[in-house]
Amino acid sequence: MQKECIAMLLAGGEGSRLGVLTKNRAKPAVYFGGKYRIIDFTLSNCVNSRIDTVGVLTQYQPHELNDYIGNGQSWDLDRADGGIHILPPYQKREASDWYKGTANAIAQNIPFIDRYKAEYVLVLSGDHIYKMNYYRMLEYHKEKEADCTIAVIEVDIGEASRFGIMNTKEDNKIYEFEEKPREPKSNKASMGIYIFRWDKLKNYLEMDEKLASSSNDFGKNIIPAMLAAGERMYAYPFYGYWKDVGTMESLWEAQMDLLTGKENILTSDRHWAIYANNPVLLPHYISSGAAMDNCIITEGCSISGNIHSSVIFHGVTVEEGAHICNSIILPGVRIKKGAKIQNAIIDENTVIGEKASIGEAFPEEGRPLVPLTVIGRNVHIQDSETIEGNMMVDVDHREVMK
């Protein structure tokens, strides 16, 4: 089974900045956009880019993600020759640890990659929202005769210190990499998307594993080592929509972008489909007394209240007189009569009691800091209870936490 290029998708991140949303699920399994999970975008990019062999490296809270991916049928990855493979850490003959870093995760799966005799390896992250043609990036990599190609996106120079920055020559050849520099020399931020010649990468991974002081990380160890050795490394410019949804605010903002024509990634290229593993439900029902504008409403919902600028996932019930604004409501939530929700994320199967109040309005001068309120899954908010802005409620800790 020989493959020109296979993908290794890093999906084991804890996602601690997403709080209760990742308490019992991996970050790539977090819901997005009414009918998707975050990982759907990367998996769909692979299939649309004609990459049909994908290793998914899981670690933290993998069960929900594993169940969701299943045999890969939803993404046309249920194949005898290639397809999708879940790759958790495993005990070898000698002592073995959890994945210690992004590079170590790939190193532990060298036998899997060798099995396919791959010439190139595409390393991806499972927690970004974007549409990208990896095949074009691979063609660029081959044209440049590169040992490593790194996808980059231009960010505001004032924000560049938050990213790994690639400094390049006019032909995009990388001569320097700076990890979160205080005074960045350029605004070309690494997207965490790499294509390597497998023989080169394998050599560097094996050398890195022998260094006790290494963090076993691509950004901290592998990329600097390759640069120092003078390997041919190029930046691949990307100009589309890309969002790292690693915080509550960025996750909320990316879904609010879906409600604008300008940055709606779901409709930006209708020929580049995003596939998902969705339940089969009845059509949604909108009562005559409901009022809605600028919303996404998915299957199985029953809507009798008022909804403005919000994303409503499948199986949600909104009773008469309830008001929802600027919010993300995940599957199976029940919002009872007269409840008010604004600027909030409500996790699945939660009940919001009658006349309860969740969240606060944005300040009149704008929204420099989003006062998000986040309610975890399976929580029951009592009738007439008030949960203020910038709060988080966890089912196991009934008190409200900052």
Minimum side-chain heavy-atom gap D78-D76 below 4.5 Å: yes

Heavy-atom check, side chain of L124 versus side chain of C46, under 4.5 Å: yes

Less than 4.0 Å between a side-chain N and a carboxylate O, is that true for D244 and R162? no

Short question: side chain of S190, backbone of I165 - any donor-acceptor pair under 3.5 Å? no

Taking salt bridge (charged side-chain N to carboxylate O under 4.0 Å, His left out) as the criterion, tell me which of R334, K336, K337 meets it with E319. R334

E4/K142 salt bridge by N-O under 4.0 Å criterion: yes

Taking the side chain as every heavy atom from C-beta outward, state whether Q61 and T22 have any pair of such atoms under 4.5 Å apart. no

Under a 3.5 Å cutoff, is there a donor and acceptor pairing between the side chains of K144 and T149? no

If you compare all heavy atoms of M292 against all heavy atoms of I303, which two are closest, and at what distance to 0.1 Å? SD-CG2, 4.0 Å

Scan side-chain atoms only and decide if E64 and N24 contain a donor-acceptor pair under the 3.5 Å cut-off. no

Count the heavy atoms belonging to other residues, nucleotides or ligands that lie under 6.0 Å from NZ of K340, then report whether that count exceeds 12. no

Separation between CE of M256 and CG of N294, rounded to the nearest 0.5 Å: 8.5 Å

Below 30° counts as parallel, above 60° as perpendicular, anything between as tilted: where do the rings of F112 and Y116 land? perpendicular

Decide, yes or no, whether a salt bridge links K23 with D394 under the criterion of side-chain N to carboxylate O below 4.0 Å. yes

Please confirm whether the backbone N or O of T42 pairs with a side-chain atom of Y130, one donor and one acceptor, at under 3.5 Å? no

Students often mix this up, so state it plainly: with edges at 30° and 60°, are the rings of W75 and Y68 parallel, tilted or perpendicular? perpendicular

Main-chain N/O of N343 paired with S327 side-chain donor or acceptor, under 3.5 Å: yes

For G376, is there any backbone N or O sitting under 3.5 Å from a side-chain donor or acceptor partner on T350? yes

Over 12 foreign heavy atoms within 6.0 Å of CD, E320: no

Specify the closest pair of heavy atoms between A11 and V56, including all atoms of both residues, with the distance to one decimal. CB-CG1, 3.8 Å

Under the 3.5 angstrom rule, does the side chain of H141 hit a backbone N or O of A146 as a donor-acceptor pair? yes

Please report the shortest heavy-atom distance between P224 and K220, naming the atom on each side. CG-O, 3.5 Å

With rounding to the nearest 0.5 angstrom, report the CD1 to CD distance, I110 to E206. 4.5 Å

Check: D257/Y241 side-chain N/O donor and acceptor closer than 3.5 Å: yes

I'd like to know whether Y134 forms a ring-ring contact (aromatic ring centres under 6.0 Å, His included) with W272, so could you lay out the CA-CA distance, the side-chain angles of the two residues, the decisive distance to 0.1 Å, and finally the verdict. CA-CA 12 Å; Y134 303 137; W272 195 267; 8.0 Å; no

Distance-only, no hydrogens or angles: does the K131 side chain make a donor-acceptor pair with backbone N or O of D269 under 3.5 Å? yes

K173 atom NZ: more than 12 heavy-atom contacts under 6.0 Å: yes

Quick one, L138 and L122 - any side-chain contact, counting heavy atoms below 4.5 Å? no

Tightest non-hydrogen contact, residues C325 and S310, listed as C-OG, 3.6 Å

T53 side-chain N/O to G82 backbone N/O, donor-acceptor pair under 3.5 Å: no

Hits for side chain to side chain donor-acceptor pair (under 3.5 Å) against E231, two or more places apart or cross-chain, chain-then-number order -> K200, Y204

Rounding to 0.5 Å, atoms CD (E176) and OG1 (T168) come to a distance of 11.0 Å

Using a 4.5 Å cut-off on heavy atoms from C-beta on, say whether the side chain of I345 contacts that of W252. yes

Look only at the side chain of N109 and the backbone of A105, and say whether a donor-acceptor pair between them is shorter than 3.5 Å. yes

Any carboxylate oxygen within less than 4.0 angstrom of a Lys/Arg side-chain nitrogen, looking at R136 and E139? no

Could you verify whether a donor N or O on one side chain and an acceptor N or O on the other, from D208 and N216, lie under 3.5 Å apart? yes

Using only atom types and a distance under 3.5 Å, with no angle test, would you say the side chain of N221 pairs donor to acceptor with the backbone of S215? yes

Below 4.5 Å, heavy atoms only, C-beta onward: do C148 and I223 meet side chain to side chain? yes

Check whether any side-chain N or O of Q255 sits under 3.5 Å from a backbone N or O of G33 as a donor-acceptor pair, and report yes or no. yes

When you compare the side chain of K188 with that of I174, does any pair of heavy atoms fall below 4.5 Å? no

For the residue pair R37 and Y31, would you count it as a cation-pi contact if the rule is NZ or CZ under 6.0 angstrom from the ring centre and within 45 degrees of the ring axis? yes

Taking all atoms of both residues into account, what is the closest heavy-atom pair of A276 and D40, and its distance? CB-OD2, 3.4 Å

Kindly indicate whether the side chain of L266, heavy atoms from C-beta on, has any atom under 4.5 Å from the side chain of Y36. yes

Minimum-distance pair of heavy atoms, taken over all atoms of I153 and W242: CD1-CB, 3.7 Å

Would R197 and D147 pass as an ion pair if we require N to O under 4.0 Å? yes

